[in-house]
Amino acid sequence: MCGINGLYYFNQQTGDINNLIRKMAEKMIHRGPDSDGFYVDKGVALGFRRLSIIDIEGANQPLYSENGKIKLLCNGEIYNFKELRQKLIKKGHVFSTKGDAETIIHLYEEYGKDLVHHLRGMFAFILYDSSKEEFLVGRDFFGIKPLYYYVDEEKFACSSELKSLLDIIPSRELDGESLAYYLTYQYVPFEKTMVKNILKLLPGHLMIINKKGVKIERYWKPQFNPVDKPKEEYKEEIKEILLDSVSVHMQSDVPIGCFLSSGIDSTAIACLMSKFRRINTFSVGFEGPNNECIYSSQTAEFLNSIHHKWVIKEEEYFNSIPDFIHFIDEPVADPSAIALYLVSKLASTKVKVVLSGEGADELFAGYGIYQEPLALKRFEILPDSLKKGLNKIIKPLPNFYGKNYLLRGTTPLTHRFLGNAKIFTDEVKDILVNKNLAYKGPFELVKDIYEDYKDLDPVKQMQIIDIYTWLPGDILTKGDKMSMANSLELRVPFLDIEVFKVASQIPTEYSITPTQTKAILREALADIVPDFIVNRKKLGFPVPIAKFLRDKQGQEVLKTIKLSGIGKYINLDYIERLFKIHQKGKADYGRKLWTIYILALWYKMHIKNDSINDTRHISLFKETTKIGKI
C-alpha cells in the first residue's frame, strides 16, 4: 500500500520536474511513511511513498525490469502474486524482489496491456516503458484504489490523491456540473471530481499515454449472468470462495486485524479470519440504543478475538472533521466516513493491515431498497401508459396514506433508483445560485447504464447502478482515504474478482425475499457466523447527525456554511430555512444540511486554500482526539 505519482511531458519539459514530483509525493506522506522512491528522466517522472506490507526490506519502488527499460509504481496488493510468480519463472523471468508488485512488470513483458486480466487484487499502477516512451496506467476492477489525473497540451499528471495535483492545475476552481451531481449523490460520481480539470480514472480502465496524447480503454465490465442450479451448490461455492479470498487477503509480513461492526459482512470476515489465527478486532460506536460496540463486543467474545473499541463522543467526532476534510480529498458527505477515520486511527495503534466487509451488499444484494421491486410487483400487470397517467394524477394530490407507495409503483425503476444515496433531486435547481448551469438531470446521468443492462431483472439493475456509482464514489473512496490517513492498509475480501464470479451467477430469488436481503449469503454463513448476527437487519452505521445538528453544534455548522464562501454557488437563504425547520423538529433535514456543511468545509480548505496548512499533516497521527479505551 502506498501513494503513487506520475508526470509525462508530451514535448519539451518545462520547469523543475524533479522538485515537482517530490512535492507531489510529500502531499501524501501519510500513504507511505516508511520510505520514498523517485525516477526522473527526459520529461518523465515517477514518485512513490511506501507503506511496507510484503517484502519489507526488498520491494522498494520504483521497480525495474531486468534490462531497466520498464519502470513501475503500484499502489495496492496483488493477491495471486505467488502463483503468477511461479508461472513467470517457468517462462524464464528473473525476479529481483519477493514482493507482489514486480509480477506486473513481468506480466507486461509477456502480455502487454492484457496483463490486467491475470491480476487478482486491488491496484492502481503507473508503468513506464522507456523503449516506447509510453505510460500504461491502470485501475482495479471495482475501484478499490484511487487514481486521479490532469492533462493539458503540455503534460499528463496522475496521482493517488487529488491534493497532489492541486498545485499543477492552472487555478483551483469548483466544477459547477460536479456540484449539481454532488448535491444529489453526496459525492461526485463517475470520472469527474469537484475540482475543474481534475478527473478520475474509472474502475476497470486503462490509460495509454505517449507523444500522441492520452487514450483510455475499458478492460473489464461487471456482468450478472444468473445460472439456475440448486441453492445448496451456491451455498457451498460461497463458503469455499470466501474462505479462499480471506486466506489470500491475509498475506502480510506485518500485523493484521479486522474491522468489526454489528452486521453480517464484517462479522463474516472476522469469523473466517479466526479460522487461521486469533485476530485483533476494532469497533467504534456512539452512545445510545444503536451503539455498534454492544453487538461487536458480543461477536468478539464469540470469536475470542483481541477486541478494541471506542465509543465516540460528539466532541471527538466534530474535532476530527478538519482532518477528515483534509484527507478525503473530494467532498463525500457520508457521516460514517468520520467514524471510519476514527476506527482506522484506533486500529493503526495495533496493526498495519485490516480486513473489512465492504462490497457484500452490492455483490449479494444486501440493501433494503433492493426489496422494493418485490413490494411493487403487482404494478407490473399495468400498461406503461396507464402507470404514467396514474402517476400524473396522483403526484399533485395532498398527502394521504399510501400515496408514496402508489407514486413508486407507477414510476419506472429508471426514474426511481439512482443508487443508495439520494439527497437533493428536484430541489437542486432551488439550491444553485447559477440558474443557467448546464448539467444532466440525475436520472439522465445513469440512463446509459440502465440501457446497457436492460435485460437484467430490476434487483440486478439496482445492484449494477450501485456498483457503478455508490461503491466507488462513496464506499471505496472513504475506505481508502480514511484508512490511508492513518497509514493503515484496508483490504476488502468480498470485492475479489473470484468472489464476484460466484456472486454474478446467483439468481435474484436466492438473495432477495420479502423479509430478507442477502438471503443466500446468510444461509451459507449460518454455521460460521453467530446466530445473533446472521439474521440481524442491516442498519448502516448509525451516526446521530440529525441529533447533532439540533443541539449547539447546529448553529456552529450554519455559521461555518455562511462564512465558507460557497454563497457564490449555493442559495444560503434556502439552506437557512432548512436549518430552522430541522432545529424546530418539524422535519429531518440532517443529511441534506450535512451535505452542504461538508461541501463548505471542503471548499474553504481545498479551493480557497485558507484553512489548515497541509504541512501539519506531515507529522503523522496528530492528536485531534484522545483514543478511547482499548
Side-chain angles (χ1 to χ4, degrees), residues 76 121-124 139-148 181-182 184-193 200-205 218-224 245 249 259 261 263-266 269 328-334 336-337 340 355-370 417-423 442 445-446 448-450 452-453 456 459-484 490-504 506 511 517-518 521 538 540-541:
M122 57 179 185
F123 54 84
R139 191 176 178 201
D140 65 60
F141 309 96
F142 298 101
I144 303 169
K145 304 314 299 174
L147 204 288
Y148 297 90
Y181 304 146
Y182 167 81
T184 295
Y185 284 91
Q186 80 176 12
Y187 56 87
V188 181
F190 306 118
E191 71 274 5
K192 292 177 76 72
T193 73
K200 294 173 287 215
L201 180 61
L202 292 175
H205 282 68
R218 184 175 200 163
Y219 71 83
W220 184 78
K221 179 180 178 181
Q223 296 282 8
F224 283 106
S245 181
H249 279 71
F259 287 159
S261 71
I264 189 172
D265 305 336
S266 64
I269 299 301
I328 197 64
D329 257 357
E330 51 180 329
V332 175
D334 186 336
S336 70
L340 183 54
L355 273 60
S356 191
E358 282 84 352
D361 291 316
E362 290 78 10
L363 269 61
F364 291 95
Y367 295 116
I369 190 65
Y370 294 164
F417 184 74
L418 287 169
N420 251 282
K422 190 166 68 173
I423 308 300
L445 204 58
V446 295
D448 289 344
I449 301 175
Y450 273 117
D452 209 13
Y453 292 90
L456 293 179
V459 174
K460 289 283 190 282
Q461 286 182 315
M462 295 168 85
Q463 289 177 257
I464 284 289
I465 292 293
D466 275 332
I467 288 171
Y468 273 87
T469 58
W470 173 252
L471 183 62
D474 184 295
I475 298 294
L476 296 177
T477 294
K478 71 184 183 186
D480 172 81
K481 300 296 176 59
M482 296 301 94
S483 58
M484 283 277 79
L490 177 67
R491 298 179 179 178
V492 283
F494 279 109
L495 291 177
D496 177 271
I497 194 64
E498 298 301 322
V499 174
F500 181 79
K501 288 176 183 176
V502 173
S504 67
I506 298 172
S511 295
T517 62
K518 280 183 299 205
L521 180 67
K538 183 177 181 62
F541 191 85

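Atom CE of Met462 sits about 10.5 Å away from atom CG of Leu418, to the nearest 0.5 Å. To the nearest 0.5 angstrom, Lys221 atom NZ is 10.5 Å from His205 atom NE2. Taking CD1 of Ile269 as the reference point, atom CD of Glu358 lies at 9.5 Å (rounded to 0.5 Å). Here the CZ atom belonging to Phe500 is positioned 5.0 Å from the CD1 atom belonging to Ile467, to the nearest 0.5 angstrom. Within the model, atoms OH of Tyr185 and CG of Leu445 stand 4.5 Å from one another, a figure rounded to the nearest 0.5 Å.
In this structure, Val188 and Thr193 have side chains that are not in contact, with every pair of non-hydrogen atoms separated by 4.5 Å or more. Under the 4.5 Å side-chain criterion, counting only non-hydrogen atoms from C-beta, Lys478 is in contact with Ser336. Taking 4.5 Å as the limit, every side-chain heavy atom of Asp474 sits out of range of all side-chain heavy atoms of Asn420. Using a 4.5 Å heavy-atom threshold, the side chains of Met122 and Leu495 count as separate. With contacts defined as side-chain heavy-atom distances shorter than 4.5 Å, the pair Phe494/His249 does not qualify. At least one side-chain heavy atom of Ile475 sits under 4.5 Å from a side-chain heavy atom of Trp470. Inter-residue side-chain proximity for Thr477 and Tyr187 is flagged as unmet; no heavy-atom pair is nearer than 4.5 Å.
The two residues Gly121 and Asp140 come nearest to each other via the heavy atoms O-CB, 4.0 Å. In terms of heavy-atom proximity, Ala360 sits nearest to Lys518 at O-CD, 4.1 Å. Taking each heavy atom of Ser245 and Val499 in turn, the nearest pair found is CB-CG2, 3.8 Å. Here the closest non-hydrogen pair linking Leu490 and Gly479 is CD2-O, 3.4 Å. Between Leu201 and Arg139 the shortest heavy-atom distance is O-NH1, 2.6 Å. When all heavy atoms of Gln461 and Tyr453 are compared, the closest pair comes out as NE2-O, 3.2 Å.
None of Val459, Leu363, Thr517, Ile506 except one satisfies the side chain to side chain contact (heavy atoms under 4.5 Å, CB included) rule with Ser511; the exception is Ile506. Shown are Tyr468, Trp220, Phe123; of these, the ring pair (Phe, Tyr, Trp, His ring centres under 6.0 Å) with Phe142 is made only by Trp220.
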Begin from the C-alpha positions of Met482 and Ile328 and carry the test side chain to side chain contact (heavy atoms under 4.5 Å, CB included) through to its verdict.
CA-CA 7 Å; Met482 296 301 94; Ile328 197 64; 3.9 Å; yes
Evaluate Phe190 against Ile449 for side chain to side chain contact (heavy atoms under 4.5 Å, CB included), listing each step before the verdict.
CA-CA 12 Å; Phe190 306 118; Ile449 301 175; 3.7 Å; yes
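Using a 3.5 Å distance cut-off with no hydrogens or angles, the side chains of Asp466 and Tyr370 do pair a donor with an acceptor.
A donor-acceptor pair under 3.5 Å links the side-chain atoms of Lys200 to the main chain of Lys192, judged by distance alone. Judged by distance alone, with hydrogens and angles left aside, the side-chain atoms of Ser356 form no donor-acceptor pair with the main-chain N or O of Phe259 at under 3.5 Å. Here the side chain of Glu362 pairs no donor or acceptor atom with the backbone of Gln463 at under 3.5 angstrom. A distance-only check finds no donor-acceptor pair linking the side chain of Thr469 to the backbone of Pro189 [under 3.5 Å].
For Glu191, the side-chain contact (heavy atoms from CB on, under 4.5 Å) partners at least two apart in sequence or on another chain are Leu202.
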